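Structure first, commentary second.
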Amino acid sequence: MTTTHAALSRWVDQVAGLTCPDRIHWCDGSPGEYDALLAQMLASGELHPLEGRSHPNCYLHRSHPDDVARVEHLTYICTSQREDAGPNNLWMDPTEAHRRMDALYAGCMRGRTLYVIPYCMGPIESPLARCGVEITDSAYVVANMRIMTRMGSAALRRIEREGTFIRGLHSTGELDPERRFIMHFPEELSIQSYGSGYGGNALLGKKCHALRIASWQARNEGWLAEHMLIVGVQEPSGRTHYVAAAFPSACGKTNLAMLVPPEPMLKAGWKVWTVGDDICWMRPGPDGRLWAINPEAGFFGVAPGTSSRTNPNALAMLHRDVIFTNVAVTADGQPWWEGLDARKPTLDWRGQAFDPACGPAAHPNARFTVSARHCPSLSPQAEGASGVPISAIIFGGRRANLVPLVMEARDWAHGVLMGASMGSETTAAATGTVGVLRRDPMAMKPFCGYHFGDYFAHWLSFDRPGMRLPRIFHVNWFRKSDDGKFLWPGYAENLRVLDWIVRRCDHRAEAHETPVGLLPTTRDLDLRGLDVSPSHLSELLRVDSAGWLRELEQLADDFEAFGDRMPERLDKDRRAMIAMLRGEVAPARRTAS
Ligand code: GTP
Ligand code: SPV
Ligand code: MN
C-alpha cells in the first residue's frame with residue numbers, strides 16, 4: 001500500500017533517507033497484518049505468550065527497566081516564541097530541536113523496519129475526529145496503535161481526502177535515558193520522539209497528538225482537548241447525563257469510566273456507560289452545549305489495583321486480545337498484579353523470580369492495552385459521529401487532606417478557578433518521585449501544549465451569550481484519616497456522588513454555599529446501604545477554613561509563576577474566596593438550584 005497524497009509520500013521518503021531502514025511497511029490495519037506482527041514479536045522475544053486457555057490471544061511485553069513511564073523532564077514544546085510554550089512546559093528553539101533530533105535519527109533504523117501508521121483519532125466518520133501518521137521502527141508501537149486508534153486504510157483514505165494530518169516520527173533508538181526526547185512542534189503540527197518505547201512517549205496518537213498538539217489546535221479553533229474520561233450516567237428514570245472528568249494520571253479515570261453501580265443502586269436501575277477513559281475532545285454545538293468525543297479506540301489502563309471488586313468491567317476485558325506491559329506472571333502463565341487476587345506470582349515485571357523484598361511484582365505503572373469493543377459497559381454512543389452533550393465537568397485530584405469529597409462551582413469562572421487550582425500527589429505514571437503534592441491544573445500540567453495563562457483564558461472564553469455550559473464540580477476520592485486509611489470507599493460508591501451531580505444539573509438536589517463552593521450535606525446524598533461512619537462522612541464534607549486560607553494564599557505564588565498572561569479574573573475570584581473565608585463576606589445560604 002502506498003498513497004496518492006504527494007506530501008505524505010515525500011515525507012516518508014525523506015524520513016527513510018534520514019533513518020535508513022531495511023524495509024518500509026505501510027500499515028493497513030487488517031487482522032492478518034496484526035497476527036503477522038504478533039508472530040514476529042513472539043519470535044523476537046518482544047512479546048511473551050500468556051496462558052492460552054484462560055487468556056486467549058493475550059501477550060506480555062517487558063519494557064526496558066529504565067523505560068517504564070512518561071518522561072516529563074525530557075518532553076518539550078518547541079515554538080518559535082519561548083513565551084508561547086509557557087512556564088508550564090520545557091521549551092526548546094525549533095531549529096535547535098530539529099538539529100538534535102536529526103542527529104539522533106541519522107541511520108537509526110538500519111536493520112529495522114520503518115512502519116507507516118495512518119490513524120484517525122475519533123470515530124472515522126466524525127467531523128470532530130482528526131488524523132495523523134506515525135512513523136515508527138517499533139512493532140510493539142504498531143500493535144498498540146492498532147488497538148488504541150482507528151488505524152490503517154480507512155484513516156489513510158480520510159487523510160487523502162482532507163489533505164492535512166499530524167506528522168509523528170518515533171524511533172526506539174537505544175533506549176538510553178541520556179538519548180531520549182519527546183519533542184512537539186505545534187506550529188508545524190509535528191511530533192518527534194526518540195529513545196523510549198513506552199506508552200505516552202511512543203504511542204504518538206495519545207498524549208502527544210490528542211492532547212499536546214490538539215490543545216494548541218483547539219485553542220486556535222475554539223474547542224477543548226482535555227485529559228478527561230467521558231461517561232453516561234443513566235438514572236432509574238432512563239434519563240442519561242454525560243459527564244466528563246479530569247483526574248491526573250493514575251488518579252481514577254479508567255475506574256470511574258467503567259463504574260458498576262453499588263448493589264442497591266444497581267437494583268434501583270442505575271447504569272453507567274463508558275464513552276472514554278483518558279481523553280476528551282469537546283466543541284460547542286449549534287445548541288450552545290459542549291459535544292464530546294473520545295478520540296481513542298481502546299484503553300491503555302493501569303493494571304495494579306484492577307480487580308473484580310474495584311473494576312469488574314475492566315477485569316472482564318482482560319481475558320482475551322490484550323497486550324500487557326510490565327505485569328507479573330503466575331506459575332501457570334497468567335498475568336498478575338498487586339490488588340488482583342491472593343495468588344503469588346512466580347515472575348516479576350522484569351522476568352525475574354519474584355522476591356517480595358525487591359519491590360512489587362508488577363511495575364506500579366504496568367498497563368493493559370485492549371480494544372474498547374471488549375468493554376461490557378461501552379456506550380452505544382461511543383461510535384456516534386456527533387459525540388455526546390456534556391452536562392457536567394468534574395475536576396479531581398489525589399489529596400490526602402483538605403479537599404472535600406465533592407463541591408460545585410458557583411459559576412463557570414469559579415469552575416475554571418477550581419480546575420486551575422487543582423493539586424494532586426504525583427504517581428508512577430511519570431518517572432520521578434511518587435506522592436509529592438503538585439499543582440496540576442485541569443490534570444493538564446504534563447499535557448497542555450501552550451502557555452497555561454492562555455489556556456485558562458481560553459477556558460474562560462466559553463462563558464459567552466448563546467452557550468449552555470455544563471456545571472463544574474470538584475471531587476476527591478483520596479482523603480485519608482490520621483492512620484493513613486482512605487475515608488471514602490471509592491470505586492462503585494463514587495456513583496453516589498455522581499447521583500448528586502446529575503441531580504444538581506436538573507435542579508433536583510440541594511446544596512449549601514460555602515466560601516469554597518456549593519456542598520451537599522449528608523441529607524443531600526443518597527447514602528442508603530453505605531458503610532461509612534458518620535464522623536468520616538462529616539469529615540469528608542467539612543470545609544477547613546484555616547487550611548483553605550493557606551491553600552489559596554499558596555495558590556497566589558503558582559498563579560504568579562504562570563506570568564502576566566494569567567487572566568485577572570481568576571485571581572480576583574481567588575481573592576474573593578479569601579475574603580469569604582475570613583468572614584468579610586457572608587456566603588451561607590441554602591440553594592435548590
Ligand atoms: P491514567 O491511565 O494514568 O491516566 O490513570 P487513570 O486516571 O485512568 O487512573 P485509574 O482509574 O487507572 O486508577 C489509578 C489507581 O487509582 C488504581 O490503582 C486504582 O485502583 C486507584 N483508584 C481508582 N479509583 C479509586 C477510588 O475511587 N478510590 C481509591 N482509593 N483508589 C482508586
Ligand atoms: C497517563 O500517564 O496519563 C496515561 C498513560 O494515560 S500514558 O499513555 O503513558 O500517558
Ligand atoms: Mn492518562
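These figures come from a predicted structure and were not determined experimentally. When a ligand or atom number is given, it counts from 1 through the structure's own listing order.
Note on ring orientation: taking the six-membered ring where Trp is involved, the planes of Trp459 and Tyr455 are perpendicular (angle over 60°, cut-offs 30° and 60°). Ring pair Tyr140/His61 is parallel by interplanar angle, where below 30° counts as parallel and above 60° as perpendicular.
Within 6.0 Å of the CZ atom in Arg373, the count of heavy atoms belonging to other residues, nucleotides or ligands does not exceed 12. When the shell of 6.0 Å around CG of Asp482 is examined, it contains 12 or fewer heavy atoms from other residues, nucleotides or ligands. Other residues, nucleotides and ligands place more than 12 heavy atoms under 6.0 Å from the CG atom of Asp341.
In this structure, Trp349 CH2 and Leu60 CG are separated by 11.5 Å, a value rounded to the nearest 0.5 Å. Between Thr254 atom OG1 and Arg367 atom CZ the span is 7.5 Å, to the nearest 0.5 Å. Note that CD of Glu425 is 8.0 Å distant from CG of Asn401, once rounded to the nearest 0.5 Å.
Glu263 meets the salt bridge (Lys or Arg N to Asp or Glu O under 4.0 Å) test with Lys267; sequence neighbours excluded.
Ring centroid separation for the pair Phe299 and His374 does not come in under the 6.0 Å cut-off. Side-chain rings of Phe447 and His227 approach one another, their centers coming within less than 6.0 Å.
Relative to the six-membered ring of Phe478, Arg398 meets both conditions, a distance below 6.0 Å and an angle of at most 45° to the axis.
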Provide, line by line, the atom pairs where ligand 1 and the protein bring an N/O atom each to a distance under 3.5 Å; else say none.
| unit_1 | atom_1 | unit_2 | atom_2 | d |
| --- | --- | --- | --- | --- |
| ligand 1 | 2 (O) | Arg367 | NH1 | 2.7 |
| ligand 1 | 3 (O) | Ala250 | N | 2.9 |
| ligand 1 | 3 (O) | Arg367 | NH1 | 3.4 |
| ligand 1 | 3 (O) | Arg367 | NH2 | 2.8 |
| ligand 1 | 4 (O) | Lys253 | NZ | 2.8 |
| ligand 1 | 4 (O) | Asp278 | OD1 | 3.0 |
| ligand 1 | 5 (O) | Ala250 | N | 2.7 |
| ligand 1 | 7 (O) | Cys251 | N | 3.3 |
| ligand 1 | 7 (O) | Gly252 | N | 3.2 |
| ligand 1 | 7 (O) | Lys253 | N | 2.8 |
| ligand 1 | 7 (O) | Lys253 | NZ | 2.8 |
| ligand 1 | 8 (O) | Lys253 | N | 3.4 |
| ligand 1 | 8 (O) | Thr254 | N | 2.8 |
| ligand 1 | 8 (O) | Thr254 | OG1 | 2.9 |
| ligand 1 | 9 (O) | Cys251 | N | 3.4 |
| ligand 1 | 9 (O) | Gly252 | N | 2.9 |
| ligand 1 | 11 (O) | Lys253 | N | 3.4 |
| ligand 1 | 11 (O) | Thr254 | N | 3.1 |
| ligand 1 | 11 (O) | Asn255 | N | 2.9 |
| ligand 1 | 11 (O) | Asn255 | ND2 | 2.7 |
| ligand 1 | 13 (O) | Gly252 | N | 3.4 |
| ligand 1 | 13 (O) | Asn255 | ND2 | 3.4 |
| ligand 1 | 16 (O) | Arg398 | NH2 | 3.2 |
| ligand 1 | 18 (O) | Pro304 | O | 3.1 |
| ligand 1 | 20 (O) | Tyr491 | OH | 2.7 |
| ligand 1 | 22 (N) | Tyr491 | OH | 3.3 |
| ligand 1 | 27 (O) | Tyr491 | N | 2.9 |
| ligand 1 | 27 (O) | Asn494 | ND2 | 3.0 |
| ligand 1 | 31 (N) | Tyr491 | OH | 3.1 |

Do any nitrogen or oxygen atoms of ligand 2 lie under 3.5 Å from a protein nitrogen or oxygen, and which ones?
| unit_1 | atom_1 | unit_2 | atom_2 | d |
| --- | --- | --- | --- | --- |
| ligand 2 | 2 (O) | Arg70 | NE | 2.9 |
| ligand 2 | 2 (O) | Arg70 | NH2 | 3.1 |
| ligand 2 | 2 (O) | Ser249 | OG | 3.0 |
| ligand 2 | 3 (O) | Lys207 | NZ | 2.5 |
| ligand 2 | 3 (O) | His227 | NE2 | 3.3 |
| ligand 2 | 3 (O) | Ser249 | OG | 2.5 |
| ligand 2 | 6 (O) | Lys207 | NZ | 2.7 |
| ligand 2 | 6 (O) | Asp278 | OD1 | 3.4 |
| ligand 2 | 6 (O) | Asp278 | OD2 | 3.4 |
| ligand 2 | 8 (O) | Gly200 | N | 3.2 |
| ligand 2 | 9 (O) | Gly200 | N | 2.8 |
| ligand 2 | 10 (O) | Arg70 | NE | 3.1 |
| ligand 2 | 10 (O) | Lys207 | NZ | 3.1 |

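Here the options are Arg212, Arg438, Lys445, the test is salt bridge (Lys or Arg N to Asp or Glu O under 4.0 Å), and the partner is Glu72; only Arg438 passes.
Within the protein, the N, O or S atoms lying under 2.8 Å from the Mn ion (ligand 3) are Lys207 NZ, His227 NE2, Asp278 OD1.
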